[in-house]
Colleague: 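Got a structure for you, questions after.
The structure displayed is predicted, hence computed values, not measured ones.
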Amino acid sequence: MTALYRTEARAHPEPAKRVLIVDDSRSMRSWLRTVLSSDPRLEVIGEAANAIEARDFIKANAVDVLTLDIEMPGMSGLDFLTRLMRARPMPVVMMSSLTAAGSDAAIQALSRGAIDCMVKPSCAYGDELMHDICERVFHAACTRPSQLQMWLQSQSPAAAAPSNAPPAASRMPYRRGSLILIGASTGGVAALETVLPTLDPHGPPVVVVQHMPGNFLASFSERLNRQMTQNVYLAHENRALESGDIVLAPGNDQHTELRYRGGNWYCRFVPNDPPALHCPSVDVLFASAASDARHVSAALLTGLGRDGAEGLMKLAQAGAKTFGQNEDTCVVYGMPKAAKALGAVQNELSLEKIGPAIRDSRVAKRRDETQGMAEH
């Protein structure tokens, strides 16, 4: 197999992250071991064919990160994840099929504390896929205990049904042309489930890019629609966005752009040509709204890479309000960090403060505009 990484001599090399592979398929375990062992930052220290073997191995060994199959005989990966997060929280990367059942379970896993979820390869795979797997497992292994604690808190009864009712002062008509944009990747499911309920359900439409396969996005939108008072759905082309809409950009080799006409925002789809690393792309979404950005608020949440950084910069330069999740609450401080380095982040906040800050800044701006009109 082609070597994916070059090991450079370092005076004080950091210890490799210790990986446990949990999968009932011997061939999948063997393939994952080969892939992960190609990265000098990772060391596969064990394999388990089921949840019982995994439990016993974790009790006897120090493990930094698990790869966990969702669909296993006996105790499912989802049930094992739930028990693991209660008894001994640690970073977990789920491996899922692209079946409808697998996609729904993957979203449940991400909401219950899994750091990431990857699609099991079918038959064709190359160096790019293997590199991506190593990157995601490594960054999951680097997750700090405080970040895992945030996921656990999101499962508490109080957080499971967060209040969708913002302060009464925020319930004022929003200006036509107002829009909220959010981009997220690794760790984004739990992050979005924290931010979205704090936005004004009577406020501007919200458009979201979350990096994940199309089947996962469909399951995620259905889950959010069941949980929230807003109308959550996958974007439709040329459908006017309305108050109370939360729209997720679909995948399937197409990006979602925005167009403003006649006082309304509309989504439209464009092909992924030339192929971008991420599809849907946060950069494509953000940049498409820069031409009418005076009443746009945009936030970049946790994620690996730099997708969204340049788009957020274009929005900031065009007059939009921009927000970035801070390092302490990010699973991976990649996308917000890249945007901050460009000078695109006007307000860097902890995850729980981003939604209220977007809501309050919109209310304050609308109030100022209303008072200005009254004075004239």
Colleague: Looking at residues at least two apart in the chain, or sitting in another chain, which of them share a side chain to side chain donor-acceptor pair (under 3.5 Å) with R88?
Modeller: none

Colleague: Could you state the interatomic distance from OG1 (T322) to CD (Q346), rounded to the nearest 0.5 Å?
Modeller: 3.5 Å

Colleague: Using a strict cut-off of less than 4.0 Å between a Lys/Arg side-chain nitrogen and an Asp/Glu carboxylate oxygen, indicate whether R33 and E47 qualify as a salt bridge.
Modeller: yes

Colleague: Just verifying a value: how many Å separate R18 CZ and M90 CE, rounded to the nearest 0.5 Å?
Modeller: 10.0 Å

Colleague: Can you measure from CG (D116) to CE (M95) and round to the nearest 0.5 angstrom?
Modeller: 10.0 Å

Colleague: Quick check for you: to the nearest 0.5 Å, what is the distance between C330 atom SG and M335 atom CE?
Modeller: 9.0 Å

Colleague: Output yes when a side-chain donor or acceptor of D245 lies under 3.5 Å from a complementary backbone atom of V247, and no otherwise.
Modeller: no

Colleague: Test of understanding: with side chain to side chain donor-acceptor pair (under 3.5 Å), list the residues that count as partners of K314, not counting sequence neighbours.
Modeller: none

Colleague: Does the distance from a Lys or Arg side-chain N to an Asp or Glu carboxylate O, for D24 and R29, drop under 4.0 Å?
Modeller: no

Colleague: Whether the side chain of T329 engages the backbone of Q325 through a donor-acceptor N/O pair (distance < 3.5 Å, no angle test) should be reported.
Modeller: no

Colleague: Would you mind telling me which of E348, K353, E352 makes a side-chain hydrogen bond (donor to acceptor under 3.5 Å, both in side chains) with S350?
Modeller: E352

Colleague: Pair S111, R223 - check side chain to side chain donor-acceptor pair (under 3.5 Å), show working.
Modeller: CA-CA 10 Å; S111 297; R223 173 185 172 87; 3.2 Å; yes

Colleague: Measure the acute angle between the ring planes of W265 and Y260, then classify it against the limits of 30° and 60° as parallel, tilted or perpendicular.
Modeller: tilted

Colleague: Measuring from atom CZ of F323 to atom OG of S297, what distance do you get when rounded to the nearest 0.5 angstrom?
Modeller: 5.5 Å

Colleague: To the closest 0.5 Å, what do you measure between CG (L248) and OH (Y233)?
Modeller: 10.5 Å

Colleague: From the options H255, Q254, R259, select the one residue that forms a side-chain hydrogen bond (donor to acceptor under 3.5 Å, both in side chains) with E257.
Modeller: R259

Colleague: Does NZ or CZ of R261 fall inside the cone over Y266's six-membered ring, less than 6.0 Å from its centre and within 45° of the axis?
Modeller: yes

